[in-house]
K.L.:
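Handing you a structure now.
All heavy atoms count here, side chains included; hydrogens, waters and symmetry mates do not.
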Amino acid sequence: MSGFLEELLGEKLVTGGGEEVDVHSLSARGIALLGLYFGCSLSAPCAQLSASLAAFYGRLRGDAAAGPGPGPGAGAGAAAEPEPRRRLEIVFVSSDQDQRQWQDFVRDMPWLALPYKEKHRKLKLWNKYRISNIPSLIFLDATTGKVVCRNGLLVIRDDPEGLEFPWGPKPFREVIAGPLLRSSGQSLESSSLEGSHVGVYFSAHWCPPCRSLTRVLVESYRKIKEAGQNFEIIFVSADRSEESFKQYFSEMPWLAVPYTDEARRSRLNRLYGIQGIPTLIMLDPQGEVITRQGRVEGLNDEDCREFPWHPKPVLELSDSNATQLNEGPCLVLFVDSEDDGESEAAKQLIQPIAEKIIAKYKAKEEEAPLLFFVAGEDDMTDSLRDYTNLPEAAPLLTILDMSARAKYVMDVEEITPAIVEAFVNDFLAEKLKPEPI
């Protein structure tokens, strides 16, 4: 276990009081679950979370006053296994840019933190787990490194006593079990979903992008149904009142979790680690995730010819998927023509490398560390070049890391698969020198 933890966190962590703690000591304490708390001292929601998380942490460990030291049962004469819920540790991963503010913020934390100076490691963790909002809290299996829960904020709210520890994912059919509604008032059991592809749609009436997506999805839903496909969408509302839910749901031809069933809505948010809306999770008939990017895939396939929208290893940059550039490092190959043939050739060039990277990390049940794009000549590309201060050359091979405000550029006359693969491997091995964006 300590090998994984040291690779993830480095050799040393610090307590709120500034004392260093060896990462390998977590293994000796029998830590089974690791929480990564992403936040910043300047964020009021982070300050609120820290207070509620401290109470939660103390209840679970049973040693709130003791802080993040060895904990109960770690003394020289202790032979008993720690109670399962005490085998939790939390590590704060900060985005603070001011060390004094960071010190003031972590001083009262009863858990551990990455040292302030570990800025590069912090950024790697933000990218690795695709953190887009703060505060965020994710739980990892401390032995395997697998993500157990992507939305720890809901764990604190829904299970304040830690009775469901360690909050591992449950099958979709178990989480969705219960009655579902149509806007007509008809009620169906969730068992009616068996044998169907399912889109789990997290949305709300107060959210303008949600309303825009809903209009597109209504047409897509109709086309897919008319084509004879077994498909259903389940609306999981984030509306602020039942009245708003009913008004919004009246526009939808599909099913919904009842608004009054807040526990089931929350469990679905927890299951898929929802950090923002609108989000459309596409599932196969066995309830396994096809893609978390159903929103992007659906918007890019208005004729629904590619349903059920298995993710493509290489995307063509567009207005609908440009937000993904902010989710982590992205390889973008710029080409010099609006001709579809040129873009298609570029996609074929980098697809084998993209597929290899995606397969490697999928086997480890991890997100791929890179997204892959081809960008042609259009307003979107021009804006991206201007924002990142890229040369006008084409073809131009780049890796853009928006969260780190860094870019990596390879400006060569001819781009080959070997050049792309070497560029990607050097980036992953941290051999490339970044330029500021």
K.L.:
Within the side chain of S244, is there an N or O that forms a donor-acceptor pair under 3.5 Å with the backbone of R240?
P.N.:
no
K.L.:
May I ask you to decide if the ring planes of Y201 and W254 are parallel, tilted or perpendicular, using 30° and 60° as cut-offs?
P.N.:
perpendicular
K.L.:
Can you tell me if K364 uses its side chain to pair, donor with acceptor, with the backbone of A359 under 3.5 Å?
P.N.:
no
K.L.:
Do Y408 and F423 have ring centroids that are under 6.0 Å from one another?
P.N.:
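No, the ring centres sit 6.0 Å or more apart.
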K.L.:
Would E164 and R270 count as a salt bridge (charged side-chain N to carboxylate O under 4.0 Å, His left out) here? Give the steps.
P.N.:
CA-CA 13 Å; E164 299 177 29; R270 258 168 62 186; 3.2 Å; yes
K.L.:
Would you call K124 and E118 a salt bridge, taking side-chain N to carboxylate O under 4.0 Å as the test?
P.N.:
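Here K124 does not pair with E118 in a salt bridge, since their nearest N and O are not under 4.0 Å apart.
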K.L.:
Would you check if the side chain of T398 reaches a backbone N or O of L400 as a donor-acceptor pair within less than 3.5 Å?
P.N.:
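The answer is no, because no donor-acceptor pair under 3.5 Å joins these two groups.
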K.L.:
Give a yes or no on whether the backbone of I437 and the side-chain of R405 come within a donor-acceptor separation of less than 3.5 Å.
P.N.:
yes
K.L.:
Measure from the ring center of F105 to the ring center of F92 and say whether it is less than 6.0 Å.
P.N.:
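Distance test on ring centres: under 6.0 Å, yes.
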K.L.:
Is the terminal nitrogen or CZ of R385 (NZ for Lys, CZ for Arg) located under 6.0 angstrom from the six-membered ring centre of F334 and within 45° of that ring's axis?
P.N.:
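Pair R385/F334 counts as cation-pi.
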K.L.:
Do W206 and F245 make the cut of ring centroids closer than 6.0 angstrom?
P.N.:
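No: the rings miss the under 6.0 Å criterion.
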K.L.:
Counting distance only, does the side-chain N/O of Y116 pair as donor-acceptor with the main-chain N or O of Q97 below 3.5 Å?
P.N.:
yes
K.L.:
Tell me if a side-chain donor or acceptor on N151 pairs with a main-chain N or O of L271 at a distance below 3.5 Å.
P.N.:
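No, N151 side chain to L271 backbone: no donor-acceptor pair under 3.5 Å.
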K.L.:
State the SG-NZ distance between C304 and K225, to the nearest 0.5 angstrom.
P.N.:
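If we round to the nearest 0.5 Å, C304:SG and K225:NZ are 13.0 Å apart.
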K.L.:
Using modelled atom types only, decide if a donor and an acceptor are shared between the side chain of R173 and the backbone of G287 within a distance under 3.5 Å.
P.N.:
no
K.L.:
Take E302 and K223 through the salt bridge (charged side-chain N to carboxylate O under 4.0 Å, His left out) test and state the conclusion after the steps.
P.N.:
CA-CA 9 Å; E302 291 188 8; K223 291 174 185 175; 5.8 Å; no
K.L.:
Tell me which one of W309, F231, F307 satisfies ring-ring contact (aromatic ring centres under 6.0 Å, His included) with H197.
P.N.:
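Single pass found, and it is F307.
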K.L.:
Can H120 and E430 be counted as having a side-chain donor-acceptor contact under 3.5 angstrom?
P.N.:
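Short answer, yes.
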K.L.:
Do the side chains of E89 and R29 get close enough for a salt bridge, i.e. N-O under 4.0 angstrom?
P.N.:
yes
K.L.:
Looking at E297 and K312, is any side-chain nitrogen of the basic one under 4.0 Å from a carboxylate oxygen of the acidic one?
P.N.:
yes
K.L.:
Between D96 and D98 (side chain of the first, backbone of the second, donor and acceptor by atom type, cut-off under 3.5 Å), is there such a pair?
P.N.:
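No, the answer is negative, given that no donor and acceptor are paired below the 3.5 Å cut-off.
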K.L.:
Please evaluate residues K360 and E366 with respect to the criterion salt bridge (charged side-chain N to carboxylate O under 4.0 Å, His left out), reporting the C-alpha separation (whole Å), side-chain torsions for both, the decisive distance (0.1 Å), and the verdict.
P.N.:
CA-CA 9 Å; K360 175 182 176 181; E366 294 183 11; over 6 Å; no
